[in-house]
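Structure first, commentary second.
Computed from a prediction, not measured in an experiment: that's the story for all the values here.
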Protein chains: 2
Amino acid sequence: MGDVRTGDPVTIVRGEEELFRRVGHLFMSATDVACVANDLALWVAERRAAELEEAALQRAGAARVRKIYRSGLLLDAVSAQELARRRDRHGAQVRITTDELSETIVVDRKVAILAGERHEGPRSYSVITQPETVQGVVSLFDTVWRSAVDLDVYDAQVAEIRRLAPAVLDLLGQGAKDEAAARKLGLSVRTYRRRVGELMAALGAESRFQAGVRARELGLV
Amino acid sequence: MGDVRTGDPVTIVRGEEELFRRVGHLFMSATDVACVANDLALWVAERRAAELEEAALQRAGAARVRKIYRSGLLLDAVSAQELARRRDRHGAQVRITTDELSETIVVDRKVAILAGERHEGPRSYSVITQPETVQGVVSLFDTVWRSAVDLDVYDAQVAEIRRLAPAVLDLLGQGAKDEAAARKLGLSVRTYRRRVGELMAALGAESRFQAGVRARELGLV
DNA sequence: TGCGGGTTGGCAGGTTGTTGCCATCCGCGG
DNA sequence: CCGCGGATGGCAACAACCTGCCAACCCGCA
């Protein structure tokens, strides 16, 4: 415990518990947080969230908090709303990308945390303090940040998509052919496919199989 | 509480806890259990499983236990093995179907339990004691049972599929085109598509989107 | 009424995915 | 050696899906 810098420039940490013990304190006084997240789950164990929440609220406005989320998240109206709520609550900036990114946090441009693959057992995280490496991560983040689009702007774009998305997802999930699905929705095949295309774009999927997986991941089907 | 027959011929029960309280005792003395399940999760709350387990073991051989599972389950080697283990342990008969079925239990041809949709909140179950209705359910079950194929037979069929399935699923999940995927696996496009087709058949999916959803549901991607 | 921006749906031409057919190859027992 | 069954891969025809283009339409606004 104590300062994270006492270890190697790169430390592998297993599980969120451990991660929190190592770097949790950094968030308390952070003035610059950059974050890539794929869902709304907090990175730290739920039971510790309260402390962080408090610290976050205290520095609201004083700190610069940038968060990037996957676009698929916005297809669920509830999630989208929750996202906006949190943003307002913390005075954070939220942008949306359609690219697939591994989860990342950079605190004060000094410490980078990269999430590893999520498979059996606790998830692993790489905690990086080596300045040049962190700088590289920051640079990547900045680039992605620039290409990402503001939550409100994106939200407006998908508002209409979202209206039809549930029905489209439902039909796709049933294995319906475009022909039949379009008829059921009272749309032309052309427009139905437009919807599917928008949906896939929003999910960042390049094939329908992949779209199915992502949709299921987000609990949309 | 008490005898399930005291209520209406059809009772809606919310949550597995409640279900167990209502009909748990039936399993203790049952000599004929018919069951459709979509995954390996036990129907009763985990903590009560021990009692049932015990009762089940005692009547092993004495009772007739028939279980039908979805074929997709077998794509995961671990699940398939666990399935066989449980079957041997309980002296049950296990068959596999590729059709989509809602979960069902019929005890001693007297009480039928149909699982409702799984959405927010606890899952609901219909407990049916009305004889004609139960008979109808039994009749449906018997038909499905006849058309289903024995676990061992099916297992042998998919053994080879399973060997390649993870790789194919992986590539599909990445949104790879058949062309590229086949190259990566060192297969011809034709054979790769054969694999995908077998996979979809095993998942009971009629479109790749649906296959993606099912695969994700089973945790195969 | 006329204009401008956005949505729709038909069409065409493309790519991707699905399936049957068949020649070929491999391994195995006769 | 042959014959056999199963797996493979090429080919082809077809179905399904994707997309650019454009005319038609709708709606709000001046």
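With sequence neighbours excluded, no residue forms a side chain to side chain donor-acceptor pair (under 3.5 Å) with B:E179. With sequence neighbours left out, B:Q81 forms a side chain to side chain donor-acceptor pair (under 3.5 Å) with no residue at all. For B:E206, there are no salt bridge (charged side-chain N to carboxylate O under 4.0 Å, His left out) partners two or more places apart in sequence or in a different chain. Scored by the salt bridge (charged side-chain N to carboxylate O under 4.0 Å, His left out) test, B:D142 finds B:R66, B:R109 as partners (sequence neighbours excluded). Applying the salt bridge (charged side-chain N to carboxylate O under 4.0 Å, His left out) rule to B:R70 yields no partners; only residues at least two apart in sequence or on another chain are considered.
OP1 or OP2 of D:dA7 has not a single side-chain nitrogen or oxygen of B:R195 nearer than 4.0 Å. A close approach under 4.0 Å does occur between a side-chain nitrogen or oxygen of A:T191 and OP1 or OP2 of C:dG9.
In this structure, CG of A:L199 is placed 11 Å from P of D:dC18, rounded to the nearest angstrom. Separating the OH atom of B:Y192 from the P atom of D:dG10 is a distance of 16 Å, rounded to the nearest angstrom. Atom CZ of A:F209 is separated from atom C1' of D:dA16 by 17 Å (rounded to the nearest Å).
A:D178 has a carboxylate O that lies under 4.0 Å from a charged side-chain N of A:R208, or vice versa, which qualifies the two as a salt bridge.
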Report summary line: Contact string for nucleotides 14-21 of chain C, one letter per nucleotide 5' to 3', B = base within protein heavy-atom range under 4.0 Å, S = sugar-phosphate only, - = neither, reads --SBBBBB
